S.K.: 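Got a structure for you, questions after.
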Amino acid sequence: MFEDISHSGDGGIYGELLVNRAFQGSGATIGSLPGVPGGSVVSSENPIVPFGPVITGWKPIGDVFIHLTQLHPLSDALPIVLQLDIPFNATGEVGILNEGWWGIDVRPQTYGASFYCLSNGPRNNGSLSGINVSLRSNLTGETWVTSKIPTTNVSSFQYEHFETQLVNQAMAPDSNNTFAITFDASEVAGNTFYFGLTSLFGETYKDTRIRKDLGETIVDLGSRFFRFPGGNNLEGYSIEQRWKWNETIGPLINRKGRVGDWGYYNTNGLGLMEFLNFCEAGSLQPILGVYAGFSLDIFGQEGTSFSEDQMNLILEDILNEIEFITGDTSTTWGAKRAEYGHPEPYELNFIELGNEDWFSSTYPYRFPILYQGIKQVYPNLTLISTAFDENDDYNISIPAGGLWDKHDYQTPSFFLENFDFYDNWQETTDNEGVKIFIGESSVFQYDTPSGVVNYSNPIGIHIPYPNLVSALGESVYLLGAERNPTVVDFIAYAPSFANLNWENWTPNLVSFTANRNETVKSSSYYMEQLFAHFHGAETLPVTTVSGNFNPLWWAASVDDGDTAMYFKVVNTGNSSIPLTINTDRALTAANGTIITAPSLSSFNYINNQTAVAPSPITNLPSPSGQAFNWDVPAWSINVLQFSLG
Ligand code: AHR
């Protein structure tokens with residue numbers, strides 16, 4: 001599950017390396033103000049307009065002056081540019097630098113750099129020898145790589161788009177690096193330049209716009225689907241600030257961005273096609289969240305809904321979005337997609353109607369209008385409800401063939417107690433034909449006597465980084481889902497990513513910084529990866545003849561060719577437990593992988609990235625005929641893999 005939270009989009013999986021690249025907007029801190037209900041903007045980078053443009057991340061080089069101006073707009077969408085004034089008496093190197101998203105990773109690879117530039121005509125005398133673009137250390141000033149863009153002049157009539165490649169061989173010792181655009185003062189003293197929409201990309205995942213290592217992290221997890229763009233970030237602070245799909249497509253110069261839901265401006269560079277291209281490249285089924293007529297407003301305050309008679313506007317918008325994704329090029333929106341570089345329709349099978357709409361009182365009319373309206377045009381799409389019985393005042397009636405997206409930010413005990421939640425869910429709730437998407441789940445805090453989860457994250461009970469307890473609890477819940485493949489179709493951890501420099505939420509599946517070496521896969525990541533890797537094609541019936549679930553938990557499956565059996569077994573107890581497996585097939589060989597750690601609170605961090613990680617089980621006994629005996633170690637998550645005779 002992905003949304004731009006904790007700078008996991010801009011400054012995260014979106015491969016753009018420059019912060020504040022187009023001066024679109026700033027960040028603000030949301031908190032409570034005395035006497036004001038809910039959350040408010042309590043401080044802002046821009047002291048006058050919360051979320052307004054700022055010059056953050058940019059610095060002058062040499063004796064020059066920089067500021068933002070609207071007098072020379074780059075485009076309607078990007079009216080703010082950076083003005084660089086170079087005095088008549090300037091000498092040496094002059095220009096601007098960008099500090100990146102809390103640094104820039106510099107290692108041997110080719111970077112693509114670009115920017116728009118305009119000059120003030122009168123003093124531009126055509127004497128330029130070129131514009132220098134470089135990556136350099138922020139500590140020592142050392143230049144890692146430089147490229148001179150050959151131009152004798154910068155137009156004073158219209159913005160020019162300059163592009164270059166930085167073929168870098170250097171390995172910087174850290175990510176405290178900058179990107180610089182510079183001139184020789186002797187050629188430009190007395191000039192003014194305006195810069196807009198600057199950009200720097202390093203290697204990306206299979207030529208998408210996704211940061212390569214983070215894209216690989218998603219795919220290597222064993223992910224089969226990708227839910228986007230949210231989460232709260234789909235809904236918007238207000239109806240106006242919602243994620244508008246049609247403002248996230250087309251040339252970047254036309255994408256004005258929006259105030260995201262997590263306290264910072266979203267550039268919209270990571271738009272609908274960037275998501276879909278990544279799904280294609282990574283063989284992931286897109287689960288597209290569409291705006292369903294409800295915005296959360298500022299956290300904690302009453303949200304705003306479209307009224308029943310306005311829902312046709314929302315339906316029309318969704319149908320256009322689907323046409324953009326799947327329509328052929330004879331359709332209005334399919335033609336637009338082709339114009340933007342993807343003539344072939346994208347594969348799209350799943351649509352989620354909103355996000356956590358049980359927060360609203362209006363889903364009972366919004367959901368059926370959208371469900372029926374979409375089904376009439378696209379009967380083969382599977383539609384997902386974001387609510388069922390969470391709101392005390394209503395249940396949503398989900399038609400057969402639909403899914404319920406259930407969210408669980410919970411305690412370890414909750415996940416153990418709900419191991420059997422899915423066992424007879426369809427029958428007991430009269431929902432035969434409805435399946436479940438556990439769209440967001442994670443162990444959020446330790447158990448407390450009351451069992452109540454406190455979302456203000458009190459120190460001592462909140463879990464900031466997934467640890468062994470997290471992985472144990474979540475793995476039991478996953479086993480409960482695996483035992484019920486006719487009920488649970490998908491399960492996802494949330495949130496998936498957090499930039500360690502701006503954490504809106506903890507715990508997160510993967511944390512990262514600008515420095516590729518500091519990407520940390522959590523204990524939960526490794527557990528999910530293990531389970532995804534040994535994902536059988538068919539769940540096997542299991543009869544328990546002695547003992548019962550808790551503290552040992554298990555599920556069994558066979559692979560597609562019926563040649564291997566996977567036996568997943570978790571021990572949540574503090575001592576080893578003997579296990580005997582009897583089957584009706586000859587077991588010819590056994591391998592195993594275990595995740596455990598010395599302490600329940602062991603967790604992975606930058607300087608200890610594999611404290612809780614999988615390793616092969618050593619000394620695993622051989623099966624004897626159709627039976628297998630083993631002592632399951634305390635606090636461990638295991639997958640045993642048997643060859644079937
Ligand atoms: O994952 C963080 C948030 O938790 C999501 O935006 C929202 O869907 C849920 O409440």
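Note that the structure is predicted; figures quoted are calculated from it, not measured. For ligands, and for the atoms within them, numbers begin at 1 and follow the listed sequence.
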S.K.: Got a sec, which residues hit side-chain hydrogen bond (donor to acceptor under 3.5 Å, both in side chains) with T506, two or more places apart in sequence or on another chain?
M.R.: H462
S.K.: Is NZ or CZ of K406 both nearer than 6.0 Å to the six-membered ring centre of F421 and within 45° of the ring axis?
M.R.: yes
S.K.: Using the benzene-type ring in the case of Trp, are the ring centres of Y264 and W502 under 6.0 Å apart?
M.R.: yes
S.K.: Tell me if the aromatic rings of Y477 and Y422 count as close, with their centers under 6.0 Å from one another.
M.R.: yes
S.K.: Listing by chain and number, which residues have a heavy atom under 4.0 Å from ligand 1?
M.R.: E3, I5, G231, N232, W262, N355, E356, Y409, E440, P495, W505
S.K.: Whether the Y14 and N266 side chains hold a donor-acceptor pair (N or O, under 3.5 Å, no angle test) is what I'd like checked.
M.R.: no
S.K.: Would R227 and F2 count as a cation-pi pair here, with the cationic atom under 6.0 angstrom from the ring centre and within 45° of the axis?
M.R.: no
